[in-house]
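Keep in mind that the numbers below use all heavy atoms, side chains included, and drop hydrogens, waters and symmetry copies. Keep in mind it's a predicted model, so treat the numbers as computed, not measured.
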Amino acid sequence: MSNDLGLSGCKLEILSDSVIRKYSSNENYSHRLSIQIDKQNLFSKYIFTNIDTPKIIQKYEDKLIYFDMEYIMGCDYYEYFSVISSTGI
């Protein structure tokens with residue numbers, strides 16, 4: 001559907017309204033992306049108030065690692081901190 005670059009330089013592809021695919025930007029970055037996948041899987045097992053973590057749907061390993069994850073509509077830091085109370089943090 002749509003291709004964009006994320007902040008890390010990784011290509012992001014919108015597969016559907018609920019799924020995004022993230023590709024490693026290069027072979028050297030694949031290891032870093034694999035660590036991100038592991039951390040994201042671990043973090044998504046915890047339940048936090050007001051924080052959602054996209055679930056990893058599928059990981060693919062080729063020359064470049066890429067993975068599919070759930071798309072969650074979120075807000076930026078400015079929007080989040082303008083509505084959250086100090087006890088909500």
Worksheet entry | Same cluster (ILVMFWY, side-chain, under 4.5 Å), Val83 and Met73 | no
Fill in: Gln40 backbone acceptor or donor facing Ser44 side chain under 3.5 Å
yes
Worksheet item: Got a second to check how far Ile37's CD1 is from Lys22's NZ, nearest 0.5 Å?
Response: 8.5 Å
Practice prompt. Consider only side-chain N and O atoms of Lys59 and Ser34, and report whether a donor and an acceptor are under 3.5 Å apart.
Written response: yes
Worksheet item: Going through the distances and angles, do Phe67 and Arg21 end up as a side-chain contact (heavy atoms from CB on, under 4.5 Å)?
Response: CA-CA 5 Å; Phe67 67 99; Arg21 180 169 287 166; over 6 Å; no
Discussion item. Taking Asp68's backbone N and O only, do any of them form a donor-acceptor pair with Gln58's side chain (distance below 3.5 Å, no angle check)?
Written reply: no
Fill in: Exercise: identify the closest heavy-atom pair between Ser30 and Leu64
OG-CA, 3.5 Å
Item to complete: Drop me the distance from Met69's CE to Leu15's CG, to the nearest 0.5 angstrom.
Response: 10.0 Å
Worksheet entry | Minimum heavy-atom distance between Ile20 and Tyr71, given as atom pair plus value | CD1-CD1, 3.1 Å
Worksheet entry | Interatomic distance, Phe43 atom CZ to Ile56 atom CD1 [nearest 0.5 angstrom] | 13.0 Å
Practice prompt. Nearest 0.5 Å please: distance from the SG atom of Cys10 over to the CD atom of Gln36.
Written response: 7.5 Å
Worksheet item: Roughly how far, to the nearest 0.5 Å, is OG of Ser24 from NZ of Lys63?
Response: 13.0 Å
Item to complete: Write down the atom of Ile65, the atom of Leu33, and the distance for their closest heavy-atom approach.
Response: O-CD2, 3.5 Å
